[in-house]
Amino acid sequence: MLVIADDITGAAEMAGIAHCHGQQVRLLCSLCRPLCFPLCCDQVAAEETATTVIATDTRSMTEEEAVAETRRITAHSSLAKPDSPLSPLTSHLFKKTDSALRGHVVAELKTLIEITGKRRAVYLPANPSKGRIIKDGIYYINGTPIDQTDFSFDPEFPARTAVLRERFPDAEANSILMPDAETIEDIQKIVATYEGEDTLFAGAADLFEAVLARNPRAAKTSRVPSPSRPSFASTIFLCGSTQSKPLEIGIPVSPMPLNIYDGNNDTKEWLKDACTAYEREGSLMITIPHRHRTGKEVAVHLREMTATLIQGLVAQRQPQQLIIEGGASAFSALQHLGWDELEVVSQLAPGVIKTKAPNGTFVIMKPGSYSW
């Protein structure tokens, strides 16, 4: 199976699910360098339990950039229309999207439908296991319409409405179905109803679980998640999401200086102070305590500054473990570090995945919108 995710923590979540289903998983951060391999059918057939998950970070791009990146990824992945000799791969394609409705959903799905020759896409961002459901076309989080939650303040994709048809008014015209789903059983019925080579499934973790369970190539063995609390010795912890709420876990905190938050690009003094704190305590938490600026340019600046800091800290202190909360922050940090493929080690909790970087550093990632 090939999974295309619009951010790295979503990709890691899918990789963790596939790993728990007994799959051999590759987790790729595609923008770190051009993909240099074809995901051809011979390769898929040779390893029946293989799942490749590609993080594109298109959620952090403009719509035009997201469409271009979707085309680039599919060109490097041998996706093709049904009349192509490579067509068997397209029936095992899954598009991971955000469970809080963020991202360029319709534009990317429209592009994938066009490239693969699918008849339709079933878009199901509901995650009933986490209290996120769709009822009568309205998206709820733990019983509250999404536009009445903190997601209404998202700097790039604010939830102005909880009605899916209003949020995505051009979905139906582009053959994108958005069915209701209040329970796991609802999602399983939807997959059973629409599965086939003419349907592209797109959505969140509960949908991916249901698709994997019906995939004839899925392994029958499974791995039990490792729910143990990770050690925080020799650890750098980045709270980079706008949804982040720093944890009180005894780790010294290095907050982003106000002048950097307000636009300064010089991180030398921040890095110096952070290195000193890490050296003294053996671990460090990076936070962004300020909230008075919004907008895409601000978000990009904050990601660039935290990623630059992480790059310097890893180079100078070589921690055994890097924990990152927030998909865009994680992707930017991995880009700066040059880590473009991660080995999946275990799933610590739903959405919290432990991986290993090429240099041996353990990287744990969690979506910013999920609770610890």
Side-chain angles (χ1 to χ4, degrees), residues 5-13 29-32 55-70 96-108 125 141 146-147 149-160 167 236-246 253-267 270-271 274 285-313 322-337 351 365-370:
D6 65 357
D7 83 327
I8 183 63
T9 53
E13 182 179 21
C29 309
S30 64
L31 287 185
C32 293
T56 64
D57 200 42
T58 53
R59 197 187 304 170
S60 298
M61 302 177 184
T62 65
E63 183 173 304
E64 292 75 14
E65 291 169 340
V67 169
E69 178 62 6
T70 298
K96 169 64 172 69
T97 64
D98 181 43
S99 65
L101 311 182
R102 294 170 296 186
H104 307 287
V105 175
V106 173
E108 291 186 53
I141 297 181
I146 191 172
D147 60 334
T149 70
D150 286 346
F151 289 106
S152 64
F153 303 108
D154 187 87
E156 296 180 79
F157 298 99
R160 303 301 189 200
R167 181 71 180 262
I236 294 174
F237 196 139
L238 171 60
C239 296
S241 170
T242 57
Q243 303 291 326
S244 293
K245 294 178 176 60
V253 175
S254 178
M256 175 180 284
L258 181 60
N259 69 318
I260 293 178
Y261 179 84
D262 283 335
N264 192 317
N265 291 323
D266 188 354
T267 61
W270 188 20
L271 175 60
M285 181 178 291
I286 309 300
T287 66
I288 305 175
H290 317 291
R291 293 290 184 271
H292 59 270
R293 302 179 70 209
T294 60
K296 184 173 181 59
E297 290 185 2
V298 174
V300 171
H301 170 72
L302 298 181
R303 287 196 292 268
E304 179 68 20
M305 294 302 96
T306 54
T308 300
L309 182 74
I310 292 296
Q311 182 182 20
L313 281 169
L322 178 60
I323 303 178
I324 308 178
E325 182 179 26
S329 296
F331 195 88
S332 184
L334 294 173
Q335 278 189 295
H336 278 69
L337 291 165
M365 294 177 283
K366 183 189 78 67
S369 64
Y370 283 14

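What you see below is based on every heavy atom in this structure, not just the backbone, and it leaves out hydrogens, waters and symmetry mates.
- Atom CD of residue E325 and atom CE of residue M365 lie 13.0 Å apart, to the nearest 0.5 angstrom.
- In this structure, CG on D6 lies 6.5 Å from OG1 on T97, to the nearest 0.5 angstrom.
- The shortest heavy-atom contact between A55 and I8 is CB-CD1, 3.6 Å.
- Counting only heavy atoms from C-beta outward, the side chains of S152 and P158 never approach each other to under 4.5 Å.
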With side-chain contact (heavy atoms from CB on, under 4.5 Å) as the test, would you mind laying out the steps for L101 and F157 before giving the verdict? CA-CA 8 Å; L101 311 182; F157 298 99; over 6 Å; no
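- A salt bridge is defined here as a Lys NZ or Arg NE, NH1 or NH2 lying under 4.0 Å from an Asp or Glu carboxylate O, and D154 with R102 meets this definition.
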I would like to know whether I260 and N265 meet side-chain contact (heavy atoms from CB on, under 4.5 Å); could you show each step before the answer? CA-CA 6 Å; I260 293 178; N265 291 323; over 6 Å; no
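- Heavy-atom minimum distance, T58 versus H104: O-CD2, 3.4 Å.
- Looking at S332, its side chain never comes within 3.5 Å of a backbone N or O of S329 through a donor-acceptor pair.
- Atom CZ of R160 sits about 9.5 Å away from atom CZ of R167, to the nearest 0.5 Å.
- Y261 pairs by the ring-ring contact (aromatic ring centres under 6.0 Å, His included) definition with H290, H292, not counting sequence neighbours.
- For the pairing with L238, the side chain to side chain contact (heavy atoms under 4.5 Å, CB included) check across T287, L309, I310, I323 returns one residue only, I310.
- Of the possible polar contacts, none joining the S60 side chain to the A328 backbone as a donor-acceptor pair under 3.5 Å is found.
- Using a cut-off of 4.0 Å between Lys/Arg side-chain N and Asp/Glu carboxylate O, R59 and D98 are scored as salt-bridged.
- Here E304 pairs with H336 under the side-chain hydrogen bond (donor to acceptor under 3.5 Å, both in side chains) rule; sequence neighbours left out.
- Closest approach of E108 and A66 over heavy atoms only: OE2-CB, 4.0 Å.
- I286 has its side chain out of reach of M256: every pair of non-hydrogen atoms, C-beta onward, lies at least 4.5 Å apart.
- A distance of 9.5 Å separates CH2 in W270 from OG1 in T308, rounded to the nearest 0.5 Å.
- Note that the CE atom of M305 and the CG atom of D266 stand 9.0 Å from one another [nearest 0.5 Å].
- Qualifying side-chain hydrogen bond (donor to acceptor under 3.5 Å, both in side chains) partners for S99, counting only residues two or more places apart in sequence or in other chains: R132.
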CA sep, side-chain torsions, deciding dist, call: F331, T9, side-chain contact (heavy atoms from CB on, under 4.5 Å): CA-CA 8 Å; F331 195 88; T9 53; over 6 Å; no
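- Rounded to the nearest 0.5 Å, atoms CG (L313) and OG (S254) are 7.5 Å apart.
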Go through the steps to decide whether M285 and C239 satisfy the test side-chain contact (heavy atoms from CB on, under 4.5 Å), and finish with yes or no. CA-CA 7 Å; M285 181 178 291; C239 296; 4.0 Å; yes
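- With sequence neighbours excluded, the residues forming a side chain to side chain contact (heavy atoms under 4.5 Å, CB included) with V67 are R71, A107, T111, listed by chain and number.
- Considering only heavy atoms from C-beta on, T306 comes within 4.5 Å of I288 through its side chain.
- Listed by chain and residue number, K296, R303 satisfy the side-chain hydrogen bond (donor to acceptor under 3.5 Å, both in side chains) test with E156 (two or more places apart in sequence, or in another chain).
- Residues satisfying the side-chain hydrogen bond (donor to acceptor under 3.5 Å, both in side chains) criterion with T62, sequence neighbours excluded, are E65.
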